[in-house]
Amino acid sequence: MRVLIVEDEPRLAENIARSLRESAGYAVDIAADGQEGLFLAESNAYDVVLLDLMLPHMDGMQMLTRLRQSGQHTPVLVLTARDDKESVVALLNAGADDYLTKPFDLGELLARTKVLIRRGKGQPSPVLTIGDLELNTVNRTVQRAGRPISLTAMEYRVLEYLAHRPRAVVSKTELLEHLYDYNWEKFSNVIEVYISGLRRKLDDGSARQLIHTVRGQGYILQE
Ligand code: CA
């Protein structure tokens, strides 16, 4: 998963980014003002946007409105200060999906972020089940037919993304866009390495394969 943080307080932005990277394994980009935020949100594939309201150049409300006007459906969680003049009603009516008042607990922010990602992909349950595969997105554990499977951080990220979109063809490009932040060079052959590692670990001892290749298009996770 890939998250955009639009926040002009560098320390707060970095703290949130570290928490999302370390506790959830998400790729994170940071924009320090509304203009940069809008540009990044429109030119990259984010699974959720965390948006501060009081921002230089273009405020959060304007950015949110522009984003929704351009047809972007990415879930947006607004970070509001207690004295922000925008009302919660106005924010929700402008297309925000949730909000959190500063100062907030990073654990709560993380939990709400996960809810928005799941909801955005039509997966309300925190435990994703595909056949006999079970992926727990809260504690990031995976098991197949009751057998715990130990994955590397990147293998988990690939599997988590696929599990949020079961039975859909997911291309290598889509995986790269959602698993790496802005600073990474993206090489599609790394995805093949993670997929083959996942196959080896998931299918070991099972008669049925879970990750299928659709030639020239991508991968499907299904029974
Ligand atoms: Ca601010």
Side-chain angles (χ1 to χ4, degrees), residues 1-121 126 137-138 140 153 157 160-161 164 176-184 186:
M1 301 300 159
R2 185 173 177 189
V3 180
L4 174 64
I5 300 171
V6 190
E7 168 63 68
D8 59 329
E9 292 167 55
R11 270 190 42 199
L12 178 59
E14 275 306 327
N15 279 342
I16 297 171
R18 194 182 320 118
S19 159
L20 293 174
R21 289 185 183 118
E22 290 173 5
S23 311
Y26 296 161
V28 182
D29 293 325
I30 297 172
D33 64 63
Q35 242 163 33
E36 188 191 4
L38 185 66
F39 171 76
L40 287 177
E42 289 184 333
S43 51
N44 294 292
Y46 294 105
D47 299 291
V48 68
V49 176
L50 308 183
L51 177 63
D52 181 32
L53 265 194
M54 302 287 268
L55 293 165
H57 303 311
M58 180 191 293
D59 70 28
M61 190 66 169
Q62 283 175 289
M63 187 193 138
L64 175 65
T65 306
R66 294 271 296 269
L67 198 65
R68 292 305 185 228
Q69 278 169 352
S70 72
Q72 275 258 12
H73 300 305
T74 312
V76 175
L77 191 160
V78 175
L79 309 173
T80 74
R82 208 175 291 275
D83 55 354
D84 277 335
K85 61 183 189 310
E86 305 286 1
S87 74
V88 168
V89 173
L91 279 171
L92 296 173
N93 283 341
D97 297 272
D98 196 3
Y99 71 97
L100 206 50
T101 307
K102 293 179 182 178
F104 48 77
D105 173 64
L106 279 176
E108 183 176 355
L109 177 67
L110 184 63
R112 285 180 185 272
T113 301
K114 286 185 173 182
V115 168
L116 287 187
I117 289 174
R118 291 200 305 263
R119 218 190 277 156
K121 300 188 188 306
T137 58
V138 176
R140 292 198 282 166
R157 285 163 68 172
E160 185 187 64
Y161 191 82
H164 276 88
L176 288 170
E177 279 173 352
H178 287 267
L179 300 178
Y180 288 91
D181 64 38
Y182 199 68
N183 298 312
W184 276 78
K186 297 171 179 128

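Counting convention: from 1, in listed order, for ligands and their atoms alike.
- When you scan the N, O or S atoms of Asp8 for the one nearest the Ca ion (ligand 1), you land on OD1.
- Two residues are said to be in side-chain contact when any heavy atoms from C-beta on lie closer than 4.5 Å; Val48 and Val76 fail this criterion.
- Among the backbone and side-chain atoms of Glu7, no N/O/S atom is found under 3.0 Å from the Ca ion (ligand 1).
- Asp52 contributes atom OD2 as its closest N/O/S atom to the Ca ion (ligand 1).
- Between the side chains of Asp47 and Tyr161, not a single donor N or O lies within less than 3.5 Å of an accepting N or O.
- For the residue pair Ser70/Glu42, the side-chain donor-acceptor check at 3.5 Å is satisfied.
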Practice item. Start with the C-alpha distance between Lys114 and Asp98, add both sets of side-chain angles, then the distance that settles salt bridge (Lys or Arg N to Asp or Glu O under 4.0 Å), and finish with yes or no. Key: CA-CA 12 Å; Lys114 286 185 173 182; Asp98 196 3; over 6 Å; no
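- The Ca ion (ligand 1) has no N, O or S atom of Glu9 closer than 3.0 Å.
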